2 protein chains.
Amino acid sequence: MKNKLKVYRAMFDFTQEDLAKKIGVSRQTINYIEKGKYAPSVLLALKLAYVFNCKVEDLFILENEDLKQEDSLIFQGGE
Amino acid sequence: MKNKLKVYRAMFDFTQEDLAKKIGVSRQTINYIEKGKYAPSVLLALKLAYVFNCKVEDLFILENEDLKQEDSLIFQGGE
DNA sequence: ACATTTTGTCAAGTATTTTTGACATGAATC
DNA sequence: GATTCATGTCAAAAATACTTGACAAAATGT
């Protein structure tokens with residue numbers, strides 16, 4: 001899963017700390033999410049999308065890898 | 001945060017177990033999310049939206065409460 | 001009424017996210 | 001070259017998500 005947090009943050013000219021305060025988390029959390037160290041909760045994701053006035057899908061992008069792995073029979077679609 | 005998982009599941013005529021298998025989690029996880037016992041990761045949310053061919057925002061709905069609480073100065077908007 | 005499937009729930013354990021506090025780096029300013 | 005600000009990172013703890021296995025309640029089908 002990729003994310004465009006850094007880009008959106010730049011568009012709005014927010015520092016990581018600005019953003020952290022806006023959505024009520026620590027600066028490190030923003031940093032870690034931005035660097036892809038972990039995937040936030042959907043609650044956080046929705047708040048981020050709210051702040052940036054965009055969709056969750058604009059910020060967080062599923063990759064094929066995310067769909068393959070699983071036990072899932074449905075996924076591991078095409079190349 | 002509300003969610004419309006049950007509704008979408010009904011629309012697609014999936015059981016909790018069907019859905020669980022599709023996205024590669026346990027049935028209980030689906031059940032707990034559906035009952036609002038906890039908020040999934042954005043990764044799970046994206047997969048759910050993918051399966052239902054909809055937006056994360058269609059499945060998970062922020063409520064005013066979610067925005068108030070915070071230390072955030074930006075939120076606690078209107079009534 | 002009985003069997004089956006689906007859902008709700010519990011408990012205990014593992015994994016992941018989030019927090020706090022701290023420190024190092026690079027860029028910009030003075 | 002010292003100061004400040006934004007970012008990257010580490011480590012340890014707290015909180016939350018997720019797993020497995022199991023069982024009861026509710027709904028569905030015969």
Side-chain angles (χ1 to χ4, degrees), chain A residues 1-52 56-57 59-63 65-75, chain B residues 1-52 56-57 59-63 65-75:
Chain A
M1 195 187 57
K2 285 191 307 182
N3 77 80
K4 294 246 182 297
L5 255 179
K6 195 168 187 169
V7 174
Y8 274 81
R9 209 161 48 69
M11 295 196 307
F12 282 72
D13 199 25
F14 290 159
T15 70
Q16 292 181 347
E17 191 158 25
D18 289 339
L19 186 52
K21 277 196 183 131
K22 279 183 207 302
I23 67 175
V25 296
S26 70
R27 181 182 68 80
Q28 287 83 340
T29 295
I30 298 297
N31 187 253
Y32 278 36
I33 292 169
E34 198 162 304
K35 302 291 283 182
K37 293 228 175 190
Y38 47 62
S41 70
V42 71
L43 191 55
L44 247 173
L46 285 169
K47 287 180 186 177
L48 289 167
Y50 176 86
V51 165
F52 290 133
V56 170
E57 279 86 352
L59 291 174
F60 299 95
I61 295 112
L62 269 187
E63 298 178 291
E65 290 186 16
D66 297 318
L67 302 177
K68 284 172 184 162
Q69 305 167 333
E70 328 289 331
D71 323 84
S72 155
L73 301 171
I74 295 296
F75 296 134
Chain B
M1 194 187 58
K2 285 190 307 180
N3 78 79
K4 294 245 182 300
L5 256 179
K6 194 167 188 171
V7 173
Y8 274 80
R9 210 162 47 70
M11 294 197 308
F12 283 71
D13 197 26
F14 290 159
T15 70
Q16 293 181 346
E17 192 157 25
D18 289 339
L19 186 52
K21 277 195 184 134
K22 278 181 207 302
I23 66 176
V25 297
S26 70
R27 181 181 67 81
Q28 287 82 341
T29 295
I30 299 297
N31 186 251
Y32 278 37
I33 293 169
E34 199 162 303
K35 301 291 285 182
K37 293 229 175 191
Y38 48 62
S41 71
V42 71
L43 191 56
L44 247 173
L46 285 169
K47 288 180 186 176
L48 288 168
Y50 177 86
V51 166
F52 290 133
V56 170
E57 279 86 352
L59 290 174
F60 298 95
I61 295 113
L62 270 187
E63 298 179 290
E65 289 186 16
D66 297 318
L67 302 176
K68 284 172 184 163
Q69 305 170 331
E70 328 291 330
D71 321 84
S72 156
L73 302 170
I74 295 296
F75 295 135

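Please read these numbers as outputs of a predicted model, since none were measured by experiment. Quick note on labels: first sequence line is chain A, next is B, and so on, each numbered from 1.
- Side-chain contact between B:Val42 and B:Val56 is absent, with no heavy atoms from C-beta onward closer than 4.5 Å.
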Report, one pair per line, the protein and nucleotides 22-27 of chain C atoms (nitrogen or oxygen only) whose separation is under 3.5 Å.
residue: C:dA22; atom: N6; partner: A:Gln28; partner atom: NE2; Å: 3.3

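- Looking only at distances, no side-chain donor or acceptor of B:Asn31 sits under 3.5 Å from a matching main-chain atom of B:Gln16.
- Each of B:Lys4, B:Arg9, B:Lys6, B:Lys2 was scored for a salt bridge (charged side-chain N to carboxylate O under 4.0 Å, His left out) with B:Glu34, with one residue passing: B:Arg9.
- For the pair B:Asn31 CG and C:dT9 C1', the interatomic distance rounds to 8 Å; values are reported in whole Å.
- Side-chain atoms of B:Val51 and B:Lys47, non-hydrogen and from C-beta on, never get closer than 4.5 Å to each other.
- Against DNA chain C, the stretch residues 4-12 of chain A makes no heavy-atom approach under 4.0 Å.
- Between A:Leu43 and B:Phe60 the shortest side-chain heavy-atom distance does not fall below 4.5 Å.
- Side-chain contact between A:Tyr38 and B:Ser41: absent, with no pair of heavy atoms (C-beta onward) separated by less than 4.5 Å.
- Rounded to whole angstrom, the span from the NZ atom of B:Lys21 across to the C1' atom of C:dT7 amounts to 15 Å.
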From CA spacing to verdict: side-chain contact (heavy atoms from CB on, under 4.5 Å), B:Asp66, A:Leu46
CA-CA 10 Å; B:Asp66 297 318; A:Leu46 285 169; over 6 Å; no
Nucleotide by nucleotide, nucleotides 12-18 of chain C touches protein heavy atoms under 4.0 Å in the pattern (B base, S sugar-phosphate only, - none) -----SB
All N/O pairs under 3.5 Å across the protein-nucleotides 28-30 of chain C interface:
none

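- Where B:Lys35 and B:Asp18 each meet DNA chain C at their nearest nucleotide, the meeting point lying more 5' is that of B:Asp18.
- With contacts defined as side-chain heavy-atom distances shorter than 4.5 Å, the pair B:Phe52/B:Leu19 qualifies.
- Contact record, A:Leu59 with A:Ala45: CD1-O, 4.4 Å, taken as the closest heavy-atom pair.
- End-to-end axis angle for the helix from C:dA1-D:dT30 to C:dC30-D:dG1, using five pairs per end and rounding to 10°, comes out at 50°.
- Taking 4.0 Å as the cutoff to heavy atoms of chain B, we find the contact window on DNA chain D bounded by D:dA17 to D:dA22.
- With contacts defined as side-chain heavy-atom distances shorter than 4.5 Å, the pair A:Asp18/A:Asp13 does not qualify.
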Would you check, one step at a time, whether the test side-chain contact (heavy atoms from CB on, under 4.5 Å) holds for A:Thr29 with A:Leu44?
CA-CA 10 Å; A:Thr29 295; A:Leu44 247 173; 4.2 Å; yes
